[in-house]
Amino acid sequence: MCGIVGYVGPRQAAPLLLEGLHRLEYRGYDSAGIAVQRNGKIELRKKAGRVSELERLVKSRAVSGSLGIGHTRWATHGGVTDDNSHPHVGGNGEVVLVHNGVIENYAALRSHLTTKGYVFRSATDTEAVAHLVADCLDELTRLGEDPSSDATCVKAVTTALPNLKGTYGLAIVFRDCPGLLVAVRNGSPLVIGVGEDEHFVASDASPLVGHTDQVVYLADHEMAILRADEFTLIHRDSGVMTPDVRVLEHVPGEADLNGFPHYMLKEIYEQPQTIENALRGRIDEDEATAKFGGLNISTQDLRRIDRIVLTACGTSWHAALVGEYLLEEFARIPTEVEYASELRYRNPPMSDRTMVFAITQSGETADTLAAMRECKRKGQPTLAICNTVGSTIAREADGGIYLHAGQEIGVASTKAFTSQVTVLTLLALYLGRMRHLSEPAGRRLIGYLKEMPRIVERTLQCHDRVREVAEKYHEANNVLYMGRLYNFPVALEGALKLKEISYIHAEGYPAAEMKHGPIALVDPNTPSVFITPHCHIYPKVMSNIEEVKARGGPVIAIACEGDEKIASIADDVIYVPDVEEYLQPIVTAIPLQLFSYHCALLRGCNVDRPRNLAKSVTVE
Ligand code: F6R
């Protein structure tokens, strides 16, 4: 949440900052701003609204200079206003900074600094940091230190930091110290781009693409002191460090829309390819099992595992629920799915035979990261199933599996979900083949899995039908989603997709639970989406549908091709290819993604930038 970008080098900073902010806009789009330093002055342009509005402002009132910082905001403290937009100014303009994270003790800092005469112009937690750094700088200056020296400015920051409680990624510039950019991280991601006589800082690597492929990911408590031609890395405890420069992997054109009107639709259509990518190189035909390069855990240790905990948030949590069913069915290992936001503060019994998987698209979700760290602290082997290479969770996990789904830009997660389920299926196969799963059973599963990219391609042919169904139901105020067994998590995911991008209230339930409460919501204006492909309890799901029909509720069914029976009961049917029960989530999720997409479009919602949301939830 919130995107930070900074630049120091020979080029004009403003165009680079604006380009970087456009690429980071998925992290928050409440407001945007930049600050550019030149000739002993720092000029600010900031505005509530999208980056394009800031761009218009900068066009009408240009800023020039080759050192600057920028920010795109997802509001935490303080409303969406121009004043609350970053960058924030400390003191009388000596310090200007941008922040991602939450300062928990900002109220105390604010009252302390107000007593000292600092004037607050915003309602943000960040402004307290700006004034605090300015106060430390002022104190050092009074003691005779030179405010135009790097050493003094860096000292002001290091003096201020121990007073902050909470999380931060900060990029800071100083009015009286030309050419110095300081970036520091505690809990919120930052990456440094190392170019030729220029340096960048950003919340993720996207603003660096096309400018440099040399990157250094900051760890917590690391500070980068940047000038055009200098980069010093300091750790709070260990002092000066040698930066671990990595080469950024980038797929050209990944961030382009490629003719699609929205990223969400593009990403839905990428799924045949992303599932193929998740499978590539991971099937061991000889042994009828899966193979993974980065688990970093011996077969012997894997055999000792007697319990698995999957932890995640949102859509990734829904994928984890599918994972629970797969792991218990194929590997016969008791598996629990924990909301990361709960697990991080709970203390469930775990032993060194419990293996924890953090499942995350971004690899930066604050709660998932905290839950993973808590488990690591207690000695559990902790692995990640992650999409974003180089992300904090990917780097801190003991090992893991990448999704290789490519950058997911649409705020509503789509391709990451089906890739996560694909990887979890491979994992269940792998752990199963070490235990009870027979060679023919493993071989069968592999055969079906290998078919999935082609089947998903065919599933996408339901698009026109989904559009028709959305046209009929998009004005509903409430929608119920019901599925059983492997399709129960899909019901939750379908409801989440609809809520987040079309703002229609939706609830997902295991279909049989309906009778225990939600059936009271059924009426002629409340459609129920039943996810009901063939499964061994198909007749039971039919009965659940009849119960809704009997109460006058319209029914939309997601059913298998060739199922004629369902057409005589449901009001509308969307057909998808027939696959094994345990692979159904990969198929049935797709019409629900498309349904939410079309409902959102028909309701005039911004599909890729839904209100109040951000792609990467880096605050608690
Ligand atoms: C929903 C969605 C969110 C994320 C959640 C976790 O469409 O995108 O619910 O799934 O914020 O994010 P990651 O997977 O990046 O940890």
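Whatever order the structure lists them in is the order used to number ligands and atoms, beginning at 1. All values below come from the heavy atoms of this structure, side chains included, with hydrogens, waters and symmetry mates left out. Remember, predicted model here, so these are calculated numbers, not experimental data. Numbers here simply count residues along the sequence, with the first being 1.
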| note | Heavy-atom closest pair (A491 atom, Y509 atom, distance to 0.1 Å) is CB-O, 4.0 Å
| message | If you compare all heavy atoms of A319 against all heavy atoms of Q420, which two are closest, and at what distance to 0.1 Å? | response | CB-OE1, 3.3 Å
| message | Using 30° and 60° as the class boundaries, would you call the ring planes of F260 and Y269 parallel, tilted or perpendicular? | response | tilted
| Is it true that E270 and K266 have a side-chain N and a carboxylate O under 4.0 angstrom from each other? | yes
| message | Under the rule for ring-ring contact (aromatic ring centres under 6.0 Å, His included), what residues qualify as partners of Y575, not counting sequence neighbours? | response |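 In terms of ring-ring contact (aromatic ring centres under 6.0 Å, His included), with neighbours along the sequence ignored, Y575 is linked to no residue.
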| query | For H99 and H71, does a side-chain donor sit closer than 3.5 Å to a side-chain acceptor? | reply | no
| request: Report all protein residues having a heavy-atom distance below 4.0 Å to some atom of ligand 1; order the list by chain, then number. | output: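 Residues C313, G314, T315, S316, T360, Q361, S362, T365, V411, A412, S413, L496, K497, E500, V617 each place a heavy atom under 4.0 Å from ligand 1, listed by chain and number.
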